[in-house]
Amino acid sequence: MTARATLPYGSWPSPISAADVARARLRLSFPTVHNSDVWWQETRPEEGGRTTVIHLQGGHRTELLQAPWDARTRVHEYGGRSYLPVRTGEGFAIVFSNYEDQRLHRLDPGDPKPRPLTPEPALPGGLRYADYTLSPDGSEVWCVCEGHTPDGIRRAIVAVPLDGSAAADASAIRELVTGADFYASPTPSPSGGHLAWVQWNHPRMPWDGTEIRVAALENGQAVAPRTVKGGLNESALAPLWRDDSSLYVISDWPGWWNIYQVGLHGESPQALYPAEEEFAGPLWQLGGMPYALLEDGRLAVLHGEGDQRLGIYDPDTLELVDLEVPYDDWQLSLSAHGSTIVGIAGGMTVPPSVVRIDTTTGRVEGLRRELAELPDIAYLPKARAEQIEGPFGRPVHANIYPPSNPEYAGQEGELPPYVVFIHGGPTSRASRTLSLERAFFTSRGIGVIDVNYGGSTGYGRAYRERLRRQWGVVDVEDAVAAAKALVDAGIADPERIAIRGGSAGGWTTLAAITTTDVFKAATSYYGISDLKGFAEATHDFESRYLFGLIGPLPGFERAYEERSPLNRADDTSCPVLLLQGMDDPVVPPDQSERFALALASKKTPYAYLTFQGESHGFRRADTVIACLEAELAFYGQTLGFKPQGVDPIDLIVG
């Protein structure tokens, strides 16, 4: 075995470039299966983040939507599944939401281009559609409609004719369900006699309190709706009909998202598999289902603490058996038909992939991977799951990724720099699935610790609610605890620990460096710096989110002021890199710009890079490359090493 050369940590040459990471930002999502046909969404960074729909039939993969068509819905701004296959006499058409105008369109087999199903909105993007299902008679698409008008935002579950008659006549669109602030998962019963859906109202988020409602369908209208599960302090999700008289739902009433069976005739909900595991996740995007019904009556389910495993639950025997598959974590979006399951899954050395499983034969197929070619596995970090002791003895979940490079080692007596990764949400979760973004750093000699701080999903409602009125406190304490655990274990150099995060992770990053001196560099991707400004300017879906995370307004103005990093910018303890999309409707650009101005006035070193045309979450390959190279250069300049292959970044002082 050849001895590894020694170079300072952070300066190791690596075959994993920023361009490789950008290519790996191909995103696969929301698969659908019918017999041997499989569809999925594919978001491509090299095409400016455009989303197309792929159809796999008979082993042949077809891209159904050519540029400039972009299948992306803006409902809730986070969107979700933006297409629906519809059977026709010639095969399958697809209905999809086009990003530019947000109209629903239909593309039939053999047609040269899609045709609109919904009218042109009075305002650009004024009418948006998501979460589609076919009506019982097959003549309409039933979906969530979000209307943006000068008077405000209104949502309903609507019926859109598939014949295109509503394209020129908006009155052809029928409203089925109205009255709530938010809707999800419209689901007709097997015979078409009932409609189930999820709804909730401000100020709750869907992981705080939702209702699953059921209404009878009479003459194409939903009548006599009633709540069958859920409430103000219960998150009930994912209605799935078992038969015409009962349905499955997922509720966190016991403290974990578990599966229940609910009848329509007053029966008490029955917990099918009580466990301290999650069988669902936060409803950030519409259209995904964390379980699916097989033709023999069994359920394909996702479950676990943290990463999600795939199993088969038998309602007759009450047994749950995990499938032996080479994937460690699954996206919460399954589809099943007959005995076939499709989903998106990955592992520590397997990129997220479209996976098809035949439950009869046990055959497992990877149909498409987000990363076509993997680097040598020796350059990929090996995750080590840790439970760190946080303040007051509370556990903090984290994954540690030490530097990994088969050709280089650090110099004798040197400890590596580390970057604390803070995920967004904050109601989200960091997965151990292969990430070239992490490997970009670890293969250069920079360790990574990915923190699932209090407030993260995957560990039960109590863990999730640690952030209730404690945002900017608990998340910061847990990030600091993770950094100190590295130091106490002799793993990381205490003078070379950085922190980085995007969106809510950017908020935690800025909050950490304005209240502690643990971190020596910080990178904020479109992070929040001013709570009151964010509450006033952000989009409707999250406009009351801070009521739970900080406190309601009016009433908690002082907490908003005291916790905002912008108001503590004078206490910033380290240099800062700010990265911001200029078309961001979730975290407006002034959140980064004002913090940059505050750093300038204090003469704290910083860099502020902006990207035209980028929204919330960068989608373009050139943006990803520019950000990663700037971030690497920034860490080199602030943590004391010379990274290979990137130009220095201009740090502004004053």
Side-chain angles (χ1 to χ4, degrees), residues 184-185 187 196-200 204-214 227-243 245-264 266-284 288-294 297-323 329-336 341 343 395 397 427-429 431 452 454-466 468:
S185 307
T187 311
W197 67 90
V198 179
Q199 70 178 47
W200 68 98
R204 288 168 180 80
M205 300 300 287
W207 41 87
D208 296 328
T210 61
E211 299 172 80
I212 292 181
R213 308 206 87 195
V214 173
T227 299
V228 298
K229 195 78 176 83
L232 295 180
N233 297 300
E234 176 184 358
S235 175
L237 306 169
L240 176 66
W241 289 95
R242 180 179 185 270
D243 51 42
S245 61
S246 66
L247 65 161
Y248 298 117
V249 302
I250 296 180
S251 167
D252 71 350
W253 178 250
W256 298 78
W257 273 308
N258 282 187
I259 303 175
Y260 288 77
Q261 184 175 326
V262 177
L264 299 188
E267 305 94 332
S268 296
Q270 177 186 358
L272 299 186
Y273 194 84
E276 290 191 349
E277 294 184 339
E278 302 282 41
F279 286 74
L283 196 63
W284 280 106
M289 287 290 281
Y291 57 172
L293 187 63
L294 296 164
R298 295 182 300 164
L299 287 169
V301 303
L302 299 175
H303 69 109
E305 184 182 16
D307 288 356
Q308 296 284 296
R309 306 185 303 278
L310 176 64
I312 301 295
Y313 174 75
D314 190 328
D316 294 327
T317 64
L318 308 182
E319 291 182 333
L320 173 58
V321 178
D322 287 341
L323 297 182
D329 192 22
W330 292 72
Q331 292 181 17
L332 292 166
S333 183
L334 291 180
S335 176
I341 305 166
H397 298 278
T427 311
S428 186
R429 175 177 63 86
S431 167
N452 279 316
S456 303
T457 46
Y459 305 96
R461 182 160 185 141
Y463 195 86
R464 194 167 77 236
E465 291 199 335
R466 286 183 184 176
R468 184 160 294 279

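Since we're looking at a predicted model, the values are computed, not measured.
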message: For S428, give me all partners under side chain to side chain contact (heavy atoms under 4.5 Å, CB included), at least two apart in sequence or on another chain.
response: H423

- prompt: Partners of R242 by side chain to side chain contact (heavy atoms under 4.5 Å, CB included), sequence neighbours excluded?
  reply: S246, Y248, Q261

Closest heavy-atom contact between [X] and [Y]?
X    : Y    : result
P206 : L237 : O-CD2, 4.2 Å
R466 : G454 : CD-CA, 4.0 Å
P290 : I250 : CG-CD1, 3.6 Å
A238 : V198 : N-CG2, 4.1 Å
A184 : L283 : CB-CD2, 3.7 Å
L332 : A280 : CD1-C, 3.8 Å

Measure from the side-chain N and O atoms of [X] to the backbone N and O of [Y], and report whether any donor-acceptor pair falls under 3.5 Å.
X    : Y    : answer
R461 : P254 : no
R204 : L232 : yes
E278 : G460 : yes
T187 : S185 : yes

Rounded distance [0.5 Å steps], [atom1] in [X] versus [atom2] in [Y]:
X    : Y    : atom1 : atom2 : result
I341 : I312 : CD1   : CD1   : 4.0 Å
E234 : D252 : CD    : CG    : 6.5 Å
L299 : L320 : CG    : CG    : 10.0 Å
L293 : D243 : CG    : CG    : 9.5 Å
W197 : I212 : CH2   : CD1   : 11.5 Å
R309 : L323 : CZ    : CG    : 11.5 Å

Donor-acceptor side-chain pairing of S235 and W257 below 3.5 angstrom: yes

- request: Kindly check if the number of other-residue, nucleotide or ligand heavy atoms within 6.0 Å of CH2 (W253) is above 12?
  value: no

- request: Using a cut-off of 6.0 Å, state whether more than 12 heavy atoms not belonging to E276 lie near its atom CD.
  value: no

task: I would like to know whether Y313 and L318 meet side chain to side chain contact (heavy atoms under 4.5 Å, CB included); could you show each step before the answer?
output: CA-CA 7 Å; Y313 174 75; L318 308 182; 3.2 Å; yes

Compare all side-chain heavy atoms of [X] with those of [Y] and state whether any distance is below 4.5 angstrom.
X    : Y    : result
D208 : R468 : yes
V228 : Y260 : no
L240 : M289 : yes
Y291 : I259 : yes

Excluding sequence neighbours, so at least two apart, what forms side-chain hydrogen bond (donor to acceptor under 3.5 Å, both in side chains) with [X]?
X    : answer
Y459 : N452
N233 : none
T227 : E211, R213

Ring center gap for Y273 and H303 short of 6.0 angstrom: no

- request: Check step by step if ring pair (Phe, Tyr, Trp, His ring centres under 6.0 Å) holds for W284 and W207.
  value: CA-CA 9 Å; W284 280 106; W207 41 87; 4.7 Å; yes

- prompt: Taking only residues two or more places apart in sequence or in another chain, which ones pass salt bridge (charged side-chain N to carboxylate O under 4.0 Å, His left out) with D329?
  reply: R429

